[in-house]
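Reading through the structure tokens given below for one structure.
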Amino acid sequence: MTQTERLIARLGKVRGRNGSWTAQCPAHEDKSPSLSVRETEDGRVLVHCFGGCDIQSVLGAVGMDMTDLFPDRPERYDGHTTKQVKPAFYASDLLRIASFECLVVMIAAYDMAKGKRLSNEDMERLKVAQQRIEEVVVYAGI
Ligand SMILES: [Zn+2]
């Protein structure tokens, strides 16, 4: 059940469809339906009483509050939110990447310890290793 349906279910003389309804305002003596309820495409509920009631009074009269005008997040997750969602990589993947990049760094360190000069290619690869380890830290949310 969407938030709009929850609200609609508590109102009297509901008329309308397709995201737009009129109903009796629960906050004042309403003989002719003067409450307008609309559902936006992203699942928010717009409520307006043409009798002049403020939104808190209307919602309060049916036991709801402002937070009920916004969609439930799990139901309406649109895939555009980047924070607090399932990570793109799992911890095991991240550790595997970090472990491999450490190996790259270790090999370079070993070569240097033996007095071998690092080639430009090696230096570039070390930069990549450093960037990847940094990315692992970001993905892990550390
Ligand atoms: Zn009203």
Side-chain angles (χ1 to χ4, degrees), residues 1-113 116-142:
M1 189 185 253
T2 67
Q3 300 292 28
T4 313
E5 287 164 347
R6 274 188 203 111
L7 173 63
I8 290 293
R10 296 171 195 200
L11 300 172
K13 291 194 178 173
V14 178
R15 299 186 106 187
R17 61 197 165 96
N18 296 337
S20 182
W21 299 266
T22 56
Q24 276 179 311
C25 174
H28 76 272
E29 269 293 311
D30 200 11
K31 291 199 175 74
S32 60
S34 56
L35 192 72
S36 160
V37 178
R38 278 184 51 216
E39 187 178 43
T40 63
E41 278 183 15
D42 59 2
R44 283 178 299 130
V45 190
L46 304 178
V47 181
H48 182 74
C49 172
F50 288 95
C53 301
D54 63 27
I55 183 123
Q56 283 93 346
S57 309
V58 173
L59 295 173
V62 291
M64 296 174 83
D65 62 38
M66 295 298 282
T67 60
D68 293 312
L69 299 184
F70 294 91
D72 296 331
R73 286 180 187 264
E75 275 178 32
R76 295 283 187 154
Y77 174 62
D78 61 4
H80 295 299
T81 313
T82 52
K83 289 189 174 173
Q84 305 296 325
V85 296
K86 201 173 97 179
F89 295 104
Y90 290 102
S92 55
D93 298 328
L94 296 175
L95 286 173
R96 204 172 298 125
I97 294 166
S99 162
F100 181 75
E101 297 308 322
C102 283
L103 181 68
V104 169
V105 174
M106 199 271 284
I107 289 167
Y110 186 72
D111 283 349
M112 285 166 71
K116 191 178 155 191
R117 253 184 83 94
L118 293 180
S119 67
N120 286 341
E121 202 183 318
D122 290 339
M123 284 304 293
E124 286 308 306
R125 186 61 189 82
L126 282 174
K127 277 185 203 164
V128 170
Q130 190 263 329
Q131 280 167 8
R132 286 191 181 165
I133 291 168
E134 245 177 46
E135 281 169 28
V136 164
V137 171
V138 171
Y139 277 117
I142 298 167

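Atoms within a ligand are numbered from 1 in the order they appear, just like the ligands themselves. FYI, the numbering just counts along the sequence from 1.
Dense packing is recorded around CZ of Arg125, with more than 12 heavy atoms of other residues, nucleotides or ligands lying under 6.0 Å away. Shown here is Asn120, whose CG atom has no more than 12 heavy atoms of other residues, nucleotides or ligands within 6.0 Å.
We find the CG-CH2 distance between Leu11 and Trp21 to be 10.5 Å, quoted to the nearest 0.5 Å.
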For side chain to side chain contact (heavy atoms under 4.5 Å, CB included), just list the numbers for Leu59 and Asp68, CA-CA rounded to whole Å, side-chain angles, deciding distance to a tenth of an Å, and then say yes or no.
CA-CA 9 Å; Leu59 295 173; Asp68 293 312; 5.7 Å; no

Side chain to side chain contact (heavy atoms under 4.5 Å, CB included), that's the test. Do Tyr110 and Lys116 meet it? Break it down for me.
CA-CA 9 Å; Tyr110 186 72; Lys116 191 178 155 191; over 6 Å; no

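Atoms of the protein (N, O or S only) found under 2.8 Å from the Zn ion (ligand 1) are Cys25 SG, His28 ND1, Cys49 SG, Cys53 SG.
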Which donor-acceptor pairs under 3.5 Å do the side chains of residues 127-135 make with protein atoms, sequence neighbours left out?
{"unit_1": "Lys127", "atom_1": "NZ", "unit_2": "Glu124", "atom_2": "OE2", "d": "3.3"}
{"unit_1": "Gln130", "atom_1": "NE2", "unit_2": "Glu134", "atom_2": "OE2", "d": "2.6"}
{"unit_1": "Arg132", "atom_1": "NH1", "unit_2": "Glu101", "atom_2": "OE2", "d": "3.1"}

